[in-house]
There are 2 protein chains.
Amino acid sequence: MVVDSLGTTFAALSDPTRRAMIERLSHGPASVHGLTEPFALSQQMISKHIAYLVRARIVIKTKRGRESVCTLRPAAIKTVSDWAISYRRFWEESFDKLDAVVNQMKKEEARDGKKHG
Amino acid sequence: MVVDSLGTTFAALSDPTRRAMIERLSHGPASVHGLTEPFALSQQMISKHIAYLVRARIVIKTKRGRESVCTLRPAAIKTVSDWAISYRRFWEESFDKLDAVVNQMKKEEARDGKKHG
DNA sequence: ACAATCCACTACCATATGGTTGTGGATTCC
DNA sequence: GGAATCCACAACCATATGGTAGTGGATTGT
C-alpha cells in the first residue's frame with residue numbers, strides 16, 4: 001500500500017466515535033481517560049481509536065506521568081478542508097446544471113423504458 | 001449500525017481510486033467503462049468502487065442503453081467541506097497556540113524522562 | 001441471427017477494522 | 001510498601017473492504 005496520507009485521514013474520520021473525539025479535542029487537549037468517559041466504550045477501544053487518529057496525524061499523544069494527553073493537530077483538519085474546497089468551483093457551478101442533466105437523463109431513461117415496455 | 005451518513009461519505013473518500021474517480025467525474029459524467037480505462041483495475045472492481053460512491057450518495061448512476069452513466073453529486077462534496085469548515089475557528093486560532101502547547105509538553109516530557117533516565 | 005460490448009452478480013481470498021476480554025506495566029496516592 | 005489509577009499489549013471474533021476469477025444478462029452493431 002502506498003502511504004496515501006489523505007486516504008488515512010479520511011478513513012480516520014469515517015468513524016462517528018473518532019469524529020466525536022475530534023469535536024471534544026477541538027475544545028482543548030484531554031487524557032485518554034477523559035476521552036473514555038463520555039463515550040460508553042472500553043478503555044482499550046478508545047485507545048485503539050486514538051491510535052488511528054495518531055496514525056492519521058490528526059492527534060498528537062504526549063505522556064504526562066501516568067496519563068497520555070491527546071492534542072488535536074489543526075493542520076490535519078485543514079487538509080480535509082483544502083481537498084473539499086478544491087472542488088468548490090464544481091459544486092458551485094453545477095448546482096443548477098445538475099438538475100438539467102439529471103432531468104435529461106430521466107427523460108431518456110423513460111423513453112428507453114417505453115422502447116422495451 | 002446507525003446510518004451515519006457523514007461516516008459513509010468519509011469512508012468512500014478514503015480510497016485513492018475513488019477520489020481519482022471523483023476528480024474525473026468533476027469534469028463531467030462518465031460511463032462505467034469510461035471510468036475503468038484510466039485506472040488499470042478490473043471492471044468488477046470499478047463497479048464495486050462506484051457502488052460505494054453511490055451508497056454514499058456521492059455519485060448517481062443512470063442507465064442509458066447498455067451503459068451506466070455516473071454523475072457526481074455536488075452536495076456530497078459540500079457536506080465534507082461544511083464539516084471541515086466547522087472547525088475553521090479551531091485551525092485558524094490554534095496554529096500559534098499549538099506550538100506553545102507542544103513545546104511545553106516536550107519540556108515536561110524531557111523533565112519526566114530525566115526523572116527515570 | 002450472431003458476435004461483440006457494457007455491465008452486474010456470485011464465489012472466493014486476504015487484510016483492516018470495531019469490538020470484547022484478560023493482563024500487566026507505570027505512576028500516583030496513602 | 002501496597003492499593004488504586006491510567007494505559008498499552010495480546011488474543012480472539014465478526015464484519016467490511018480491496019482484489020481476483022468466472023459467468024451471464026442486456027444492448028448494440030453487422
Side-chain angles (χ1 to χ4, degrees), chain A residues 1-4 7-21 29-56 58-71 108-109 111-117, chain B residues 1-4 7-21 29-56 58-71 108-109 111-117:
Chain A
M1 187 178 66
V2 202
V3 275
D4 188 15
T8 307
T9 300
F10 277 129
L13 295 177
S14 70
D15 187 274
T17 300
R18 290 194 289 261
R19 291 200 306 280
M21 283 176 167
S31 67
V32 175
H33 180 70
L35 285 175
T36 304
E37 282 176 326
F39 291 122
L41 272 179
S42 65
Q43 170 260 315
Q44 292 90 329
M45 205 54 227
I46 296 291
S47 283
K48 260 197 188 181
H49 281 306
I50 293 176
Y52 296 140
L53 290 172
V54 168
R55 195 182 55 179
I58 295 173
V59 159
I60 296 172
K61 223 169 59 173
T62 323
K63 272 211 146 181
R64 265 194 69 152
R66 70 179 162 183
E67 289 189 338
S68 281
V69 177
C70 301
T71 312
E108 294 179 16
E109 205 175 24
R111 194 190 53 201
D112 291 351
K114 275 175 79 172
K115 275 204 300 198
H116 7 276
Chain B
M1 183 180 68
V2 202
V3 277
D4 189 15
T8 306
T9 300
F10 278 130
L13 294 177
S14 70
D15 186 274
T17 300
R18 291 195 288 262
R19 290 200 307 280
M21 284 176 165
S31 68
V32 174
H33 180 70
L35 285 174
T36 305
E37 282 175 324
F39 291 123
L41 273 179
S42 67
Q43 171 258 314
Q44 292 92 327
M45 206 53 227
I46 295 290
S47 283
K48 258 197 188 179
H49 281 307
I50 293 176
Y52 296 140
L53 290 172
V54 168
R55 194 183 54 179
I58 295 173
V59 160
I60 296 172
K61 223 169 59 174
T62 323
K63 272 210 148 181
R64 263 192 70 151
R66 69 180 163 186
E67 287 189 335
S68 282
V69 177
C70 301
T71 310
E108 294 179 15
E109 203 175 24
R111 193 191 53 200
D112 290 349
K114 277 174 78 174
K115 276 205 297 200
H116 10 272

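In the text below, chain A, chain B and the rest are named by the order of the sequence lines, each starting its count at 1. Note that the structure is predicted; figures quoted are calculated from it, not measured. We use all heavy atoms of the structure for the numbers below, so side chains are in, but hydrogens, waters and symmetry mates are not.
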From [X] atom [atom1] to [Y] atom [atom2], the distance as rounded to the nearest 0.5 Å:
X: B:R66; Y: B:S31; atom1: CZ; atom2: OG; answer: 10.5 Å
X: B:T8; Y: B:Y52; atom1: OG1; atom2: OH; answer: 12.0 Å
X: A:L35; Y: A:S47; atom1: CG; atom2: OG; answer: 9.5 Å

- Message: Within the 4.5 Å heavy-atom criterion, are B:H49 and B:L41 side-chain neighbours or not?
- Response: yes
- With the side chain counted from C-beta on, respond yes when A:M21 and A:V59 share a heavy-atom pair under 4.5 Å apart, and no when they do not.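 A side-chain contact is absent here, since even the closest heavy-atom pair is not under 4.5 Å.
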- Could you check whether B:S31 gets within reach of a base, just the sugar-phosphate, or nothing at all, counting any heavy atom under 4.0 Å? sugar-phosphate
At their closest point, which heavy atom of [X] faces which heavy atom of [Y], and how far apart are they?
X: A:V69; Y: A:P29; result: CG1-CB, 3.7 Å
X: A:A11; Y: B:S14; result: N-CB, 3.6 Å
X: A:A20; Y: A:F39; result: CB-CE2, 3.3 Å

Can a side chain N or O of [X] be found less than 4.0 Å away from OP1 or OP2 on [N]?
X: B:K61; N: C:dC7; result: no
X: B:Y52; N: D:dG18; result: yes
X: B:S68; N: C:dC6; result: no
X: A:R18; N: C:dT17; result: no

- Message: Using five base pairs at each end to define the local axes, how bent is the helix from C:dA1-D:dT30 to C:dC30-D:dG1, to the nearest 10°?
- Response: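 It comes to 20° between the two terminal axes.
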- Message: Here's a test of your reading of the structure: between B:G34 and A:T17, which maps to the more 5' nucleotide of DNA chain C?
- Response: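 It is B:G34, whose closest nucleotide lies nearer the 5' terminus.
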- Item | Sub-4.0 Å heavy-atom contacts from residues 43-50 of chain B onto DNA chain D, ordered by number | B:Q44, B:M45, B:K48, B:H49
Tell me the interatomic distance from [X], atom [atom1], to [N], atom [atom2], rounded to whole angstroms.
X: A:R64; N: C:dT27; atom1: CZ; atom2: P; value: 14 Å
X: B:K63; N: D:dA26; atom1: NZ; atom2: C1'; value: 7 Å
X: B:L35; N: C:dC6; atom1: CG; atom2: P; value: 13 Å
X: A:R19; N: C:dG18; atom1: CZ; atom2: P; value: 12 Å
X: A:M21; N: C:dG18; atom1: CE; atom2: C1'; value: 12 Å
X: A:D4; N: D:dG18; atom1: CG; atom2: C1'; value: 13 Å
X: A:L41; N: C:dT17; atom1: CG; atom2: C1'; value: 14 Å
X: B:E37; N: C:dC6; atom1: CD; atom2: C1'; value: 12 Å

- Pick from B:L53, B:I58, B:I46: which one makes a side-chain contact (heavy atoms from CB on, under 4.5 Å) with B:R18? B:L53
- Message: Which is more 5' along DNA chain D, the nucleotide nearest B:E67 or the one nearest A:H33? Just name the residue.
- Response: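 Nearest nucleotide further toward 5': that of A:H33.
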- Query: Can you tell which of D:dT17, D:dG19, D:dA8 lies closest to the side chain of A:V32?
  - Reply: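 Selected nucleotide (nearest to the side chain): D:dA8.
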- Message: Please pick, from C:dT28, C:dC7, D:dG18, the nucleotide with the shortest atom-to-atom distance to any side-chain atom of A:R66.
- Response: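 Closest of the options to the side chain of A:R66: C:dT28.
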- Can a salt bridge be assigned to the pair A:R19 and B:D4 using a cut-off of 4.0 Å between side-chain N and carboxylate O? yes
